[in-house]
There are 2 protein chains.
Amino acid sequence: MEIEKIIQDKNLKLTSARKEILEIFLNSQKPLAYEDIKDKITMDKATFYRNISKFEDKAIVHSFESNDKKRYYEIQSTPHAHFICNNCNTIECLQDVINFEIKNHIVQDILIKGICEVCFLKRV
Amino acid sequence: MEIEKIIQDKNLKLTSARKEILEIFLNSQKPLAYEDIKDKITMDKATFYRNISKFEDKAIVHSFESNDKKRYYEIQSTPHAHFICNNCNTIECLQDVINFEIKNHIVQDILIKGICEVCFLKRV
DNA sequence: TTTTTAAATGCATCTAAGTCGCATTTAAGA
DNA sequence: TCTTAAATGCGACTTAGATGCATTTAAAAA
Ligand SMILES: [Mn+2]
Ligand SMILES: [Mn+2]
Ligand SMILES: [Zn+2]
Ligand SMILES: [Zn+2]
């Protein structure tokens, strides 16, 4: 099974907590915070945070902090920027690659904040 | 005096707490968090946060959250992106304008995370 | 299959940046 | 000088996430 392979390929013990977490993130189209999934999982929050942190170490999951002071996680796929609405807090994955270089720097993450389409059109 | 004018032009009461805060930020070349300045100011932290928040409302100050879970503030000047090092947490103001548009969105803030020049050169 | 053990888990407790309620003080206009 | 709304200090509170520790479990060895 896909999920089990991902876990074992990184030399992680195959536990039900880990399968539960990955199942949810693999089926989500958007980044999720602990808050968003706590009712769908059975493990303690300490277990969630310890595992998601391990997934990050192993480059299975990527995360960033949003405006609501919560950390959002998503399966690490092709790198892409995120847009966070300062009005409604919605997070968008920007699939159109924004790329630029900064000499002698490594760009790992791009976070753009502003007003999203929904809020923008409401205000016009 | 410059500082007093900034405060009064925004119809804010001229208090010593406000003068102290602005003095520090006007003389800083980089964004600062409460932690960075708490020993240089005499007011309570509630007063600092209430005032800096008011400065933001009045567009005197601009802020963003960094990797260390702290909010950094700087005098609002020409809009520019910030680079935050995932290794050493240093914050750089990127004066070279990075600009792009996203249709039907308003871009208000650009945060780039990665490896800064110092850390990059150390690793080579 | 049974044994072994390091890693994973649940639960309670802690952390720390930032917020809030309230009594007191102060800026600034009348 | 008097008045009053706004600002301040202080203590208590909030909340996402981290941590210590006793117990459980995956998985490799025997
Ligand atoms: Mn994404
Ligand atoms: Mn800056
Ligand atoms: Zn929005
Ligand atoms: Zn660095």
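Chain A is the first sequence line, chain B the second, and so forth, proteins listed ahead of strands; every chain is numbered from 1.
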Q: In whole angstrom, give the distance that lies between atom CG of A:Leu14 and atom P of D:dA28.
A: 11 Å

Q: Reading DNA chain C in the 5' to 3' direction, which nucleotide is the first one with an atom under 4.0 Å from a heavy atom of chain A, and which is the last?
A: C:dA6 to C:dG18

Q: Of B:Leu12 and B:Glu65, whose nearest nucleotide on DNA chain C comes first from the 5' end?
A: B:Glu65

Q: In whole angstrom, give the distance that lies between atom NZ of A:Lys45 and atom C1' of D:dT19.
A: 12 Å

Q: Can you check the B:Asp68 CG to D:dG17 P distance for me, whole Å?
A: 15 Å

Q: Taking the six-membered ring for Trp, are B:Phe25 and B:Phe48 parallel (under 30°), tilted (30 to 60°) or perpendicular (over 60°)?
A: parallel

Q: With nearest nucleotide decided by heavy atoms, which residue, B:Ala17 or B:Lys69, maps closer to the 5′ end of DNA chain D?
A: B:Ala17

Q: Exactly one of B:Lys30, B:His82, B:His62, B:Gln29 should register a side chain to side chain donor-acceptor pair (under 3.5 Å) with B:Glu74. Which one does?
A: B:His82

Q: Starting from the first five and the last five pairs of the helix from C:dT1-D:dA30 to C:dA30-D:dT1, work out the angle between the resulting helix axes, to 10 degrees.
A: 30°

Q: If you compare all heavy atoms of A:Lys40 against all heavy atoms of A:Glu20, which two are closest, and at what distance to 0.1 Å?
A: O-OE1, 4.0 Å

Q: Toward the 5' end of DNA chain C, which comes first, B:Tyr34 or A:Met43, by nearest nucleotide?
A: A:Met43

Q: Could you identify which residues cluster with A:Ile91, counting Ile, Leu, Val, Met, Phe, Trp and Tyr as linked when any side-chain heavy atoms lie under 4.5 Å apart, either directly or through a chain of such contacts?
A: A:Phe64, A:Tyr72, A:Ile84, A:Leu111, B:Phe64, B:Tyr72, B:Ile84, B:Ile91, B:Leu111

Q: Is it the case that the side chain of B:Lys113 and the backbone of A:Gln108 share a donor-acceptor pair, with hydrogens and angles ignored and the cut-off at 3.5 Å?
A: no

Q: Given atom CZ of A:Arg18 and atom P of D:dA26, what is their separation to the nearest angstrom?
A: 11 Å

Q: Mind calculating the distance between OH (A:Tyr72) and P (D:dA16) to the nearest angstrom?
A: 10 Å

Q: Which heavy atom of A:Ser63 sits nearest to which heavy atom of A:Tyr73, and what is that distance?
A: CB-CD2, 3.4 Å

Q: Ignoring hydrogens and angles, tell me if any N or O in the side chain of B:Asp36 forms a donor-acceptor pair with the backbone of B:Ala33 under 3.5 Å.
A: yes

Q: Provide, to the nearest angstrom, the distance between the CG atom belonging to A:Asp44 and the C1' atom belonging to D:dT19.
A: 12 Å

Q: Can you measure A:Ile37 atom CD1 to D:dG17 atom P for me and round it to whole angstrom units?
A: 11 Å

Q: May I ask you to say what B:Lys13 touches in the nucleic acid, namely base, sugar-phosphate or nothing, with a heavy-atom cut-off under 4.0 Å?
A: base

Q: Look at the side chain of A:Glu35 and decide which nucleotide, out of D:dA16, D:dG17, D:dG9, has an atom nearest to it.
A: D:dA16

Q: Return the value, rounded to whole Å, for the distance between atom NZ of A:Lys38 and atom P of D:dT15.
A: 11 Å

Q: Out of D:dC21, D:dA18, D:dC10, which has the shortest distance to the side chain of A:Arg50?
A: D:dC21

Q: Heavy-atom count check: over 12 atoms from other residues, nucleotides or ligands less than 6.0 Å from A:Glu101 CD?
A: no

Q: Salt bridge between B:Lys69 and A:Glu65, side-chain N to carboxylate O under 4.0 Å?
A: yes

